[in-house]
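Whatever order the structure lists them in is the order used to number ligands and atoms, beginning at 1. Small disclaimer: the values here were computed from a predicted structure and weren't measured. This chain uses plain numbering: 1 for the first residue, then up along the sequence.
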Amino acid sequence: MPPHILDHLAESPDPAVREAARRTLVASAQLRGARSARSAPGADLATPTRGRRTIFDAQHRESLVDAELMRTETAPPSADPAVNQAFDGLGATRQFYAEVLHRDSIDGMGMRLDGYVHYGDQFNNAFWDGRHMVFGDGDSVMFTDFTASLDVIGHELTHGVTQMTAGLTYHNQPGALNESMSDVFGSLIKQWSLDQTAEEADWLIGAEIFTPSHAGDALRSMKDPGQAYDNPTMGKDPQPGHMTDFMVLPDTARGDWGGVHINSGIPNRAFHLAAVNIGGQAWKAPGHIWYEALKASSRTTDFQQFADTTAAKAAQLYGPDAQDAVTDAWGQVGITVAGTPPPRGLHDRMPRRLERYPNAEELDRT
Ligand SMILES: [Zn+2]
């Protein structure tokens, strides 16, 4: 959950919304701390169990220690819909990674999948904490039960995949790429389960759980970053869809670690455009190109390096037409793939704007 949304809600005139947002901000900061600790080398991450699912009920506490076991892989469905939605969402995600990308669970080695539902009191978030999936119930005004959105479940588990492949740091451009990977594969899991083509898909993230009283909006739109929502409580979706609108933000919790949930709009849109350029089902060639590029990336990979890698993977896996489709997609968001002519009209404004963005490694050190 982007902190800019929670910040808006924390200033809401409605005391219930305000209180829920403030509690979520505090609890999310604690979970984020746990995630970085567990990402540290040597952390005990993998237990090979063929991706066995276990769902627990956190019983509205902000601790996982005393959670009640609700459903295991072989048990019948629970009376609690949140338990079953989490179970099914983890299952669909596991199956997508296995069948489409030939990856055995999050770590590629059958890591068990533990989900915790009813975390905290009206908790407005869902989280991968480095080892578990955690779902809040939402405050029923701005968000409903986070287990209700398959792309959100896929998004969170993909944070685990990214952590165990490229390990993209959660700051600045690498952080925005990390967020974008989660949106890309979260959306692909939903498209795959609905058997939609790139043209048919809505490319929205979290539409099912975001503002239940407003139809048609979502947390993010990969097709139209900046157009996912616009309402008095939340303000307007701040995501850019082009490098000329890249937002330079401080690398702090308040600054969304350099805008990781904001600037992700740029690579998100590039993926959507590549998928439409290639055509058909986006989890096929486009999804494989992005997955191979993710595996070939490192902690500090930035937008430019990732764009270059996707074009190289497209050429290697699918030939020159796919490479052109990918190169064109990045060109449309203002990123010129290395060794190709710059997109028309961008030549003048790009370098000047780019001077404002020191590379992510430098920002990380300051
Ligand atoms: Zn995320």
Please give me the minimum heavy-atom distance between Ser264 and Glu179, naming the atom from each residue.
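Where Ser264 meets Glu179 most closely, the heavy atoms are CB-CB, 3.9 Å.
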Answer yes or no as to whether an N/O/S atom of His261 is found below 2.8 Å from the Zn ion (ligand 1).
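So His261 does not bind the Zn ion (ligand 1) by this criterion.
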Atom name of the N, O or S atom in His159 that lies nearest to the Zn ion (ligand 1):
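The nearest such atom is NE2.
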Looking at Glu179, which of its N, O or S atoms is the nearest one to the Zn ion (ligand 1)?
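The Glu179 atom nearest to the Zn ion (ligand 1), restricting to N, O or S, is OE2.
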Is it true that the side chains of His132 and Asp114 contain a donor and an acceptor less than 3.5 Å apart?
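Asp114 and His132 do not have a side-chain donor-acceptor pair below 3.5 Å.
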Just to verify, what does Arg18 make a salt bridge (Lys or Arg N to Asp or Glu O under 4.0 Å) with, not counting sequence neighbours?
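Partners of Arg18 under the salt bridge (Lys or Arg N to Asp or Glu O under 4.0 Å) test: none.
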Quick one: which residue pairs count as a ring-ring contact (aromatic ring centres under 6.0 Å, His included) with a foot in residues 52-97, not counting sequence neighbours?
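ring-ring contact (aromatic ring centres under 6.0 Å, His included) check on residues 52-97 returns Phe56-Tyr116, His60-His118, Phe96-Trp192.
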